[in-house]
> 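Below: one structure in structure tokens.
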Amino acid sequence: MIIVEKSKCCGCAACVQICPKTCIRMEEDAEGFLYPIIDSRNCVNCKLCLLVCPSNTSVVEKVPYKVYAAKNDNDEIRINSSSGGIFTIIANKVIANGGVVFGAKFNESWEVVHDYVENKEHLHCFRGSKYVQSKIGDTYKLVKHFLHEGRQVLFSGTPCQSMALKKYLQKDYENLLTVDFVCHGVPSPAIWRGYLKEELYDVKTIDASMNLNYINFRNKDFGWNRFSLKTEYISAVNSASITKNEEFVNNLYMKIFLSDLSLRPSCYNCPAKSGRSGTDITLGDFWGIKECNKDYSDSLGVSLVMINNANINIDLNNYNEQSYDQALMYNPNIRYSVNCPLNRKFFFMIFRLTNSIRFAFKCTHSDDIFMRIFRKLYSFLK
């Protein structure tokens with residue numbers, strides 16, 4: 001049985017968690033993405049997996065009720081957030097009411113996983129973007145458990161994960177608040193592992209005792225508009241440190257991500273954009289704020305806040321209202337999926353053969369005569 005064709009599967013794992021016979025598991029493919037595998041021996045053909053799949057549903061586009069540019073008044077939180085720090089305001093309110101907050105964080109192996117917290121002190125692990133597809137685990141089951149306990153739950157995730165949760169629950173809950181974000185696409189965990197492996201190798205040539213201690217995809221040392229990928233390594237011997245901080249236009253991992261090479265195949269035709277995810281709130285960067293309101297723009301970041309549910313009030317203190325057209329003009333990923341690069345398969349093929357993202361990217365983009373001949377030979381053979 002096939003739930004959905006592979007190119008459309010977003011890896012949300014709702015099918016795994018809904019299966020009454022636990023006969024579906026997620027397995028990583030050659031590109032590093034997780035896909036469902038069904039044990040047909042135990043399948044009872046209940047078709048619940050088809051019911052919860054975001055890609056098996058046709059949902060009409062939904063325009064938000066309100067659009068804001070907003071900031072958190074706490075500059076420290078804003079500095080450590082991707083844009084204006086609004087997620088923390090929303091999450092703090094839920095926790096103050098005895099609720100639970102779900103989001104994506106790094107685990108001890110620097111993989112991106114979904115988890116939950118129940119106090120404000122642990123919210124920091126969810127701040128900031130993680131440009132890797134998260135492992136959702138049994139998150140939807142946990143959300144349902146807390147909802148049935150009567151606790152308020154905030155779930156934050158990609159549009160497809162949020163859409164999958166709503167379909168998994170199969171009904172609306174008054175104590176559930178869903179928040180997604182303007183998603184460019186989710187990169188391959190295998191490419192992320194490759195990047196960390198190569199960078200750590202470079203660091204260990206300087207000091208073999210170094211271990212990764214800190215990662216920030218959206219560091220603001222150079223400003224919000226010139227964000228950088230910052231990593232810090234600490235010596236296991238003498239606590240000495242090495243810090244790497246590269247602006248996104250110079251960092252290899254971010255160049256691969258922004259070239260759209262490392263994204264999941266389903267991201268090139270996302271089923272959950274344009275409000276189709278059904279979330280209450282969508283957050284993002286208000287990149288065009290300087291043109292819309294020059295006095296409100298600064299280097300610490302401004303959030304785009306789209307209220308999709310007319311009954312939601314998040315008590316913003318520092319904001320100004322904008323139009324949906326203005327937001328869309330400067331952040332087209334709200335509505336549009338990115339195009340699949342023509343050389344994407346070539347990039348992943350070289351990565352699989354060499355296990356080096358540096359060489360794979362060089363083969364894909366270098367103007368060196370040898371690389372140009374190599375690419376032409378590949379095209380001819382294909």
Side-chain angles (χ1 to χ4, degrees), residues 68-96 99-136 139 153-159 161-162 177-184 186-187 192 212-232 243 245 248 251 253-254 257 279-287 298-306 314-319:
Y68 301 107
K71 302 176 188 176
N72 192 315
D73 288 332
N74 186 320
D75 284 349
E76 183 179 353
I77 289 176
R78 199 150 59 106
I79 288 171
N80 290 302
S81 303
S82 293
S83 47
I86 301 304
F87 171 78
T88 300
I89 293 176
I90 302 169
N92 278 340
K93 185 176 180 181
V94 170
I95 288 178
V100 184
V101 175
F102 286 82
K105 70 170 192 177
F106 290 112
N107 66 10
E108 63 279 357
S109 302
W110 298 107
E111 299 173 305
V112 180
V113 298
H114 252 73
D115 202 353
Y116 70 89
V117 300
E118 300 177 84
N119 59 69
K120 295 179 181 180
E121 289 72 29
H122 293 155
L123 274 177
H124 65 89
C125 66
F126 295 152
R127 290 193 194 112
S129 300
K130 283 89 176 174
Y131 293 120
V132 190
Q133 182 164 34
S134 70
K135 291 183 177 179
I136 202 75
T139 294
V153 175
L154 165 59
F155 175 86
S156 62
T158 64
Q161 289 171 336
S162 303
L177 179 66
T178 52
V179 178
D180 66 352
F181 55 87
V182 180
C183 185
H184 183 90
V186 289
W192 174 237
L212 184 59
N213 181 64
Y214 171 82
I215 296 171
N216 188 343
F217 281 103
R218 294 288 299 275
N219 177 263
K220 297 178 181 177
D221 287 351
F222 307 128
W224 171 50
N225 287 286
R226 297 176 55 208
F227 64 88
S228 58
L229 198 163
K230 185 176 185 177
T231 51
E232 181 184 64
T243 300
N245 194 13
F248 72 95
N251 178 265
Y253 185 79
M254 293 306 296
F257 168 60
T279 57
D280 299 303
I281 302 168
T282 299
L283 300 177
D285 296 277
F286 207 116
W287 291 122
D298 63 31
S299 63
L300 297 186
V302 179
S303 288
L304 165 66
V305 182
M306 296 190 292
I314 57 176
D315 298 326
L316 296 174
N317 294 320
N318 189 347
Y319 70 94

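Quick note: numbers below take in every heavy atom, side chains included, and nothing from hydrogens, waters or symmetry partners.
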> So, taking the atom named OG1 in T178 and the one named CD1 in I281, what distance separates them when rounded to the nearest 0.5 Å?
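One gets 8.0 Å once the value is rounded to the nearest 0.5 Å.
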> If you count heavy atoms of other groups shown closer than 6.0 angstrom to NZ of K93, is the number above 12?
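Correct, the count exceeds 12.
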> Donor-acceptor pair, distance only, cut-off 3.5 Å: does the side chain of K71 make one with the backbone of L300?
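Checked: no pair found.
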> Heavy atoms, side chains only, cut-off 4.5 Å: are V117 and L123 in contact?
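Touching, per the 4.5 Å side-chain cut-off.
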> Could you tell me whether a side-chain N or O of K105 sits under 3.5 Å from a main-chain N or O of D115, the two making a donor and an acceptor?
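Here the side-chain-to-backbone pair does not exist.
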> For the pair F102 and F155, name the ring-plane relationship: parallel under 30°, tilted 30 to 60°, perpendicular over 60°.
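Geometry flag for F155 against F102: tilted rings.
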> Under the side chain to side chain contact (heavy atoms under 4.5 Å, CB included) criterion, do V305 and L283 qualify, and how do the steps go?
CA-CA 5 Å; V305 182; L283 300 177; 3.9 Å; yes
> Locate the shortest heavy-atom distance separating G85 from N72; write the atom from each residue and the value.
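Scanning both residues, the minimum pair turns out to be O-ND2, 3.0 Å.
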> Rounded at 0.5 Å granularity, tell me how far CG in N74 sits from CG in N92.
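The CG atom of N74 sits 9.5 Å away from the CG atom of N92.
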> We want to know whether S82 and S129 form a side-chain donor-acceptor pair, criterion being a heavy-atom distance below 3.5 angstrom.
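Yes.
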> With side chains defined as the heavy atoms from C-beta onward, is the minimum distance between F126 and S156 less than 4.5 Å?
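They are not in side-chain contact.
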> May I ask you to check whether Q161 and T139 show a side-chain donor-acceptor distance below 3.5 Å?
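Checked: Q161/T139 side chains show no N/O donor-acceptor pair below 3.5 Å.
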> Verify, without hydrogens or angle tests, whether S303 (side chain) and G84 (backbone) share a donor-acceptor contact under 3.5 angstrom.
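Present.
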> Quick one: pull up CG in D180 and OG1 in T158 and give me the separation to the nearest 0.5 Å.
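Interatomic distance, D180 CG to T158 OG1, rounded to 0.5 Å: 8.0 Å.
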> Where is the tightest heavy-atom contact between W192 and V132, given as atom of each residue plus distance?
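Where W192 meets V132 most closely, the heavy atoms are CG-CG2, 3.6 Å.
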> For N245 and F222, run side chain to side chain contact (heavy atoms under 4.5 Å, CB included): C-alpha distance rounded to whole Å, both residues' side-chain angles, the deciding distance at 0.1 Å, then the answer.
CA-CA 10 Å; N245 194 13; F222 307 128; 4.0 Å; yes
> Distance from F87 atom CZ to R127 atom CZ, nearest 0.5 Å?
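With rounding to 0.5 Å, CZ (F87) is 9.0 Å from CZ (R127).
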> What are the two closest heavy atoms between F248 and N225, and how far apart are they?
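Taking F248 first and N225 second, the nearest heavy atoms are CE2-O, 3.6 Å.
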> Can you see which heavy atom on C183 is nearest to which on P159, and at what distance?
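Heavy-atom minimum between the residues: CB-CD, 3.6 Å.
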> Looking only at heavy atoms, which two atoms of Y68 and L316 are closest? And how far apart?
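Heavy atoms only, the tightest pair is CD1-CD1, 4.1 Å.
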> So which atom in S134 and which in H114 form the shortest heavy-atom distance, rounded to 0.1 Å?
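That closest heavy-atom pairing would be OG-ND1, 3.0 Å.
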> For the pair Y131 and F217, name the ring-plane relationship: parallel under 30°, tilted 30 to 60°, perpendicular over 60°.
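If you compare the ring of Y131 with that of F217, the planes turn out perpendicular.
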> Taking T279 for its side chain and T282 for its backbone only, find out whether a donor-acceptor pair lies under 3.5 Å.
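Checking the backbone N and O of T282 against the side chain of T279, no donor-acceptor pair under 3.5 Å is found.
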> Given side chains that start at C-beta, do those of L229 and N216 come closer than 4.5 Å, heavy atoms only?
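No, side chains not in contact.
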> Using modelled atom types and a 3.5 Å cut-off, is there a donor and acceptor pairing between side-chain atoms of R78 and backbone atoms of G301?
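Yes, the answer is positive, given that a donor and an acceptor are paired below the 3.5 Å cut-off.
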> Between CZ of F227 and OG of S83, what distance do you get to the nearest 0.5 Å?
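Here the rounded value is 11.0 Å.
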> What is the distance from atom CG of L304 to atom CG of D285, rounded to the nearest 0.5 Å?
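Atom-to-atom, L304:CG and D285:CG are 8.0 Å apart.
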> For D280, run the side chain to side chain contact (heavy atoms under 4.5 Å, CB included) check against I314, I90, L177, V179 and tell me which one passes.
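The residue from I314, I90, L177, V179 that satisfies side chain to side chain contact (heavy atoms under 4.5 Å, CB included) with D280 turns out to be L177.
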> State whether the side chain of K220 and the backbone N or O of S81 hold a donor-acceptor pair below 3.5 Å, judged by distance alone.
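Such a contact is found between K220 side chain and S81 backbone.
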